[in-house]
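Worksheet: one structure, shown below.
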Amino acid sequence: MFALLHNEWSKLWNKKQPWIFIGILIVISIGTAFLYTAFDTLEGAGTEGDGENWEVTLELENEQYAQTIAESDDEWEREFAQDRIEENEALLAAGVDPNETNNAVFLNEMIYVGTAFITLFAVILASTIVSSEQDKGTLKHLFVRPYERWQFLVAKFITVILFAAVMLVTVTAVQYLMGTIMFGTGSFSTPVVEYGMGGVITTTVAEVFPQKIGLYFLNMLMFVVISFSISILFKSQTLAVGIGIFILFGTNILQGFAPLLQDYFWYPYVFLPHMTLQSYVVTDEFIPGVGLGFSLAVLAVYAVLFLGAATAFFQKRDLV
Amino acid sequence: MSGNILEVSGLTKTVGGGKKIVDGLSFDMKKGEILGLLGPNGAGKTTTIRMIVGLMSKTDGSVTINGRDLDEQGKACRANIGAIVENPTFYEYMSGYKNLKLWGRMAGGSVTEERISEVVSLVKLEDAIKDKVKKYSLGMKQRLGVAQAILHRPSLLILDEPTNGLDPKGIRELRDYLRELADEGISTLVSSHLLSEMQLMCDRVVIMEKGKVIDISDLSSLNAYGDKDQVAVSISVKKGQGEAAKTAVSVLEEVTVASHETENELLLDMGRDRIPELNRVLVKAGIDVFGIESKRTSLEEKFLQLTSGKADKEAN
Ligand SMILES: Nc1ncnc2c1ncn2[C@@H]1O[C@H](COP(=O)(O)OP(=O)(O)OP(=O)(O)O)[C@@H](O)[C@H]1O
Ligand SMILES: [Mg+2]
């Protein structure tokens, strides 16, 4: 079994694909740091370096927003202003300077830029790792070796997960490094404010970052499970990549419909709404009564169904 | 236990629509034997091989490898097999050496570095083994395929059309090598539609057509040549007398007209010792004979007779 994993791992790195993925992630992580500085100076123009004045600035901002609410006819504009007021008040209450940046804060705020690409790359790898061997005809020559077919699946699945972990470590390391170079070293106990659908919470980097990474990884795992299984069940890498990416964007679109759908009793039992686990960083329940435990349980059941069906099919089917 | 490395009995594969692409196939293979699976395109050779190596489920019948039932001990059966199915396939982005290395790893640590170089020199790929497989020619891939199949010292080799793409020298080397393996007790099941090839390579051939075994020939007896042997006799007569010659010949018992292609030629299937009698009959019937030529029934002719004869009968 270990031999199979060893083989999969070495096949992976002998291709150009993983190196390209890693390269893109490094470029993105570096680019993120530059973008971050650009926006940072833009937002904080005039107040930079004025350590004491940030509270005054926020209060001034809030007055402006209050005026907008009073004057504007545009509902969206009023809502936006209201949100900003709440955010600023949270910052003031927590004593968090929004312009204060260090490597820990940068990493915490920008990690999801890199991870979005990690999910995409993991989906691509998961969809192609079995089906490309089928297309090239190498799968049949694996199957004539003294192993059970499911053992090849396990080795390939673990390879995808390991590669995703390597990508995550790469992004985290490069962003941390860039953060250190550009924003200086800071403490992981720097207080930060997190915004989400459920509102605003005050926390520290040390507390929130592991949650973000952990929830992200579980979420990505689910994308991998789905695209891996679909590529096997439908014997098609294009379909699997397509469906993987569709779900990737689909979950965001679906969130928009959540208010319409969440009253139906079946809604919490569909896997799609649960595929944004990261929102549990700031929310306890995404609809009343549905918390992290419930989401994980639903996803686990679907994962078992998907993988079970794919494996059963793979064990039985005639290979031509 | 019998001395058979492979026993196939009643092997059947039914595909969608109830079509039997392999139909009640039965044959045995002795240890150290080189057995040919011979048949025209679409006969079901590859399908048979797929079922034997477990790539395809069988609809009916049984396969026993080294005394083990394929259904019950599939893994153990496969451990004894080295196979190329249809065409050898590799990870083209890796070198031939790395491909062998991967393959060796799956054999549970029995394949050493020395074994890899031994096999590489055996198939004469020393110069190209560090190159990526995507640069290999068809023949080089075929050689690498053979290397991969024998790497873990299987007791049963299954090679689907292994001579495909090999140059005459390569074919000869493969033949010699398979013979060497056979002397060590390693058996080879080899499929082909190249009949002359099979004649030189195999001890016995299973001739199949439309999924069925139509003949199993022992080539050692077929290659021998005695007075009592069946031979193919071709007679050329004066133009326009073909039909008359056919009628004249029909009085002879145990002589069959194999084909009657042109109006002045006739092909017969008969015992070699009866040629003088044939000559007399023709002369008596007043037919002008330009030549009587006898050929040993080579496997090729037998094969063609068997398959086309069968096809004709079915068509009628
Ligand atoms: N999965 C399948 N479904 C339906 N029919 C199939 C399938 N696989 C093969 N066949 C049919 O079965 C027959 C035998 O095919 P097979 O590949 O075994 O022939 P073969 O003897 O290896 O021929 P060749 O000499 O061309 O390699 C063919 O008529 C083919 O069309
Ligand atoms: Mg074939």
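All chains are named by letter (A, B, ...) in the order of the sequence lines, taking the proteins before the strands, and each is independently numbered beginning at 1.
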Report the C-alpha distance between B/V85 and A/H141 in whole Å, list the side-chain angles of each, state the deciding distance to 0.1 Å, and finish with yes or no for side-chain contact (heavy atoms from CB on, under 4.5 Å).
CA-CA 8 Å; B/V85 184; A/H141 285 123; 4.2 Å; yes
Would you mind checking which part of [X] comes under 4.5 Å of any heavy atom in chain A, side chain (CB onward), backbone (N, CA, C, O), both or neither?
X: B/N80; value: neither
X: B/K13; value: side chain
X: B/R50; value: side chain

So which heavy atom on B/L102 is nearest to which on A/N7, and how close?
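Between these two residues, the closest heavy atoms are O-ND2, 3.0 Å.
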Counting N and O atoms only, with roles assigned by atom type, does the side chain of [X] sit under 3.5 Å from a partner on the main chain of [Y], one being a donor and the other an acceptor?
X: A/Y147; Y: B/M106; value: yes
X: A/D318; Y: B/S57; value: yes
X: B/R78; Y: A/F143; value: yes

Rounded to the nearest 0.5 Å, how far does NZ of B/K101 lie from NE2 of A/H6?
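If we round to the nearest 0.5 Å, A/H6:NE2 and B/K101:NZ are 8.0 Å apart.
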Which residues, numbered in order, of residues 149-179 of chain A come under 4.5 angstrom of chain B by heavy-atom distance?
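A/R149, A/Q151, A/F152 fall under the 4.5 Å cut-off.
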Taking non-hydrogen atoms and a cut-off under 4.5 angstrom, which of residues 15-22 of chain A neighbour chain B?
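Checking residues 15-22 of chain A against chain B gives A/K15.
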Around [X], counting heavy atoms of other residues, nucleotides and ligands shown, do more than 12 lie under 6.0 Å from its [atom1]?
X: A/F117; atom1: CZ; result: no
X: A/F246; atom1: CZ; result: no
X: B/Y93; atom1: OH; result: yes

Start with the C-alpha gap between A/K136 and B/Y91, add the side-chain angles, then the distance that decides, and say whether side-chain contact (heavy atoms from CB on, under 4.5 Å) holds.
CA-CA 8 Å; A/K136 297 262 159 61; B/Y91 303 103; over 6 Å; no
Quick check on A/E148 against chain B: is it the side chain, the backbone, both or neither that has a heavy atom closer than 4.5 Å?
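Both parts, backbone and side chain.
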Side-chain donor/acceptor pairs under 3.5 Å, residues 295-307 of chain A, sequence neighbours excluded:
{"residue": "A/S295", "atom": "OG", "partner": "A/H274", "partner atom": "ND1", "Å": "2.7"}
{"residue": "A/S295", "atom": "OG", "partner": "A/Y280", "partner atom": "OH", "Å": "2.6"}
{"residue": "A/Y302", "atom": "OH", "partner": "A/Y269", "partner atom": "O", "Å": "2.6"}

Proximal to chain A - members of residues 134-158 of chain B, heavy-atom separation under 4.5 Å
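Residues in range: B/H152.
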Non-hydrogen side-chain atoms of B/L55 and A/V144 separated by less than 4.5 Å
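Side-chain contact under 4.5 Å: yes.
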Going through the distances and angles, do A/S10 and B/K98 end up as a side-chain contact (heavy atoms from CB on, under 4.5 Å)?
CA-CA 9 Å; A/S10 101; B/K98 277 189 178 166; over 6 Å; no
